[in-house]
Chemist: 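Sharing a structure, written as structure tokens. Questions coming.
Since the structure is predicted, the reported quantities are computational estimates derived from the model, not experimental observations.
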Amino acid sequence: MATYPYRQDAGLEFLQLCSDAELKELAETLTHDEGKLRTFEKLTTEPRFKATQRSGSYKKVWSIIAAEIQRTGSDSIASAWRGHGDVYQNILIEVLKTFRVQHNSASTLIESEERLLKKLLGDAIEKMTAEERQRVAGEIGIDLRRAAPGALMAALIGGVHGAGFAAYQAAVIAAKIISKAVLGRGLAFAANAAITRSLAIFAGPVGWTLSLATLLPVATGMNMKISSRAVIHVACLRLQCLKKAETFLDET
């Protein structure tokens, strides 16, 4: 049985702006667990997606990938009855609860994602050695006289909230730290020589021991594990896309 039809979803519409490489990685987050194809995933059974795997044109099936996020993040019985999955906003709220991140009903989706990413970024930075923190700080042009986790956290958050190319660079590095530490691999990003050089520190082995498994409650089911990975991946992609768009607008 193929994945459910895509349900119009303001939280996932931005995926159509992502690159083929970014969407391919997102699809792999949904379909694979520790490098192996998940038993209950539906995405690879969808004919159009299977054709995309051969052609590499993942932008053409962004809505099918989004539909798999909706299906995975919803209760299977309820989804079968409705004929579609749940919207991203509701899935995000459940993931926030799972990670014990405060949810404010008045917050926007982006603000909610930001709180989740801040927690994960803080956890990842805490696991770094002092040398790793110094190197990351140096890559975003910040002089940390003391390599305290809180100082680097404040520097990165401040950088992301800035403007121009420096803010985009900080956003990409923050997403790279989170995805590498929590998801086990860094995310794809638009090629840029300056960022490529700055991200070289993440290419080799690093001392982080953080993983999604260490953050989730013991009783968490497989669906919530996959949903959590998907939400973290989507949140990182959105952060990169937003800062990239702001940078482009600033330069025009």
Side-chain angles (χ1 to χ4, degrees), residues 1-6 12 15 18-77 79-80 84-86 88 91-92 94-95 98-99 116-117 120 123-124 127 175-189 199 202-238 240:
M1 180 180 177
T3 189
Y4 292 115
Y6 172 64
L12 296 175
L15 291 178
C18 293
S19 68
D20 287 325
E22 289 169 335
L23 292 172
K24 179 182 179 181
E25 286 191 341
L26 178 57
E28 289 174 351
T29 290
L30 294 165
T31 59
H32 288 72
D33 186 22
E34 297 183 354
K36 297 180 180 179
L37 195 66
R38 289 177 51 236
T39 303
F40 298 107
E41 64 84 23
K42 302 294 184 183
L43 189 56
T44 59
T45 67
E46 216 288 342
R48 286 179 57 201
F49 183 81
K50 291 171 71 173
T52 289
Q53 287 182 295
R54 294 189 293 271
S55 68
S57 303
Y58 286 84
K59 289 175 69 70
K60 294 181 179 180
V61 294
W62 73 267
S63 62
I64 296 175
I65 296 171
E68 180 71 354
I69 295 173
Q70 294 174 334
R71 186 196 69 82
T72 303
S74 60
D75 177 79
S76 58
I77 297 176
S79 294
H84 57 71
D86 208 350
Y88 178 78
I91 300 169
L92 172 60
E94 291 305 310
V95 171
T98 299
F99 283 91
L116 175 62
L117 293 183
L120 296 173
D123 290 342
K127 294 291 184 179
K176 195 80 169 181
I177 290 172
I178 295 167
S179 60
K180 180 74 172 180
V182 182
L183 302 178
R185 58 191 171 95
L187 304 185
F189 56 92
L199 292 179
F202 301 109
V206 292
W208 308 333
T209 58
L210 188 68
S211 70
L212 187 63
T214 66
L215 297 173
L216 291 169
V218 176
T220 300
M222 178 55 71
N223 260 27
M224 182 49 67
K225 290 178 182 178
I226 300 301
S227 294
S228 296
R229 285 210 299 257
V231 165
I232 293 167
H233 199 141
V234 167
C236 287
L237 279 177
R238 194 190 317 275
Q240 293 181 184

Chemist: Test your reading of the model: is there a side-chain donor-acceptor pair from R38 to the backbone of L30, 3.5 Å cut-off?
Modeler: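 Yes, R38 side chain to L30 backbone: donor-acceptor pair under 3.5 Å.
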
Chemist: Taking atom CD1 of I65 and atom CZ of F49, what is their separation to the nearest 0.5 Å?
Modeler: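 It is 5.5 Å, given to the nearest 0.5 Å.
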
Chemist: Dump the intermediate steps for side chain to side chain contact (heavy atoms under 4.5 Å, CB included) on E22 and Q240, then the final yes or no.
Modeler: CA-CA 11 Å; E22 289 169 335; Q240 293 181 184; 4.0 Å; yes

Chemist: Looking at S179 and K176, would you say the former's side chain and the latter's main chain have a donor-acceptor pair under 3.5 Å?
Modeler: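 Pair found, side chain donor or acceptor close to backbone of K176.
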
Chemist: E28 and K24: side chain to side chain contact (heavy atoms under 4.5 Å, CB included), yes or no, with the steps?
Modeler: CA-CA 6 Å; E28 289 174 351; K24 179 182 179 181; 3.4 Å; yes

Chemist: Yes or no on side chain to side chain contact (heavy atoms under 4.5 Å, CB included) for D86 and E94, after CA distance, side-chain angles and deciding distance?
Modeler: CA-CA 11 Å; D86 208 350; E94 291 305 310; over 6 Å; no

Chemist: Strictly distance-based, threshold 3.5 Å: is any side-chain N or O of K59 a donor or acceptor partner for the main-chain N or O of C18?
Modeler: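 Here the side-chain-to-backbone pair exists.
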
Chemist: Once you round to the nearest 0.5 Å, how far does CD1 of I232 lie from CZ of F99?
Modeler: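 Separation between the atoms: 4.0 Å.
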
Chemist: Between atom CD1 of I177 and atom CG of L120, what is the distance when rounded to the nearest 0.5 Å?
Modeler: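 Rounded to the nearest 0.5 Å, the CD1-CG separation comes to 12.0 Å.
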
Chemist: Between K50 and T44, which heavy-atom pair has the shortest distance, and what is it?
Modeler: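 Shortest heavy-atom separation between K50 and T44 comes out as CG-O, 2.9 Å.
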
Chemist: Roughly how far, to the nearest 0.5 Å, is the CG atom of L237 from the OG1 atom of T29?
Modeler: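 Rounded to the nearest 0.5 Å, the OG1-CG separation comes out at 8.5 Å.
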
Chemist: Going by heavy atoms in the side chains, are V95 and M224 under 4.5 Å from each other?
Modeler: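 Touching, per the 4.5 Å side-chain cut-off.
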
Chemist: Is there side-chain contact between I64 and E68, with heavy atoms separated by less than 4.5 Å?
Modeler: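 Not in contact.
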
Chemist: Could you walk me through whether R48 and T52 satisfy the side chain to side chain contact (heavy atoms under 4.5 Å, CB included) test, starting with their C-alpha distance in whole Å, then the side-chain angles of each, then the deciding distance to 0.1 Å, before giving a yes or no?
Modeler: CA-CA 6 Å; R48 286 179 57 201; T52 289; 5.6 Å; no

Chemist: Donor-acceptor check, side chain of T72 to backbone of S227, threshold 3.5 angstrom: yes or no?
Modeler: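 Checked: no pair found.
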
Chemist: Between atom OG of S57 and atom CG of L23, what is the distance when rounded to the nearest 0.5 Å?
Modeler: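 Here the interatomic distance stands at 11.0 Å.
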
Chemist: Just by modelled atom types, is the H32 backbone N or O under 3.5 Å from a matching donor or acceptor in the E41 side chain?
Modeler: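 Here the side-chain-to-backbone pair does not exist.
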
Chemist: Please determine which of L43, L26, I226 meets the side chain to side chain contact (heavy atoms under 4.5 Å, CB included) test together with T31.
Modeler: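 It is L43, the one option of L43, L26, I226 that forms the side chain to side chain contact (heavy atoms under 4.5 Å, CB included) with T31.
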
Chemist: Indicate the atoms forming the closest heavy-atom contact of Y88 with A235, along with that distance.
Modeler: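 That would be OH-N, 4.2 Å.
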
Chemist: Can you see which heavy atom on C236 is nearest to which on A175, and at what distance?
Modeler: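 For C236 and A175, the tightest heavy-atom pair comes out as CB-CB, 3.9 Å.
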
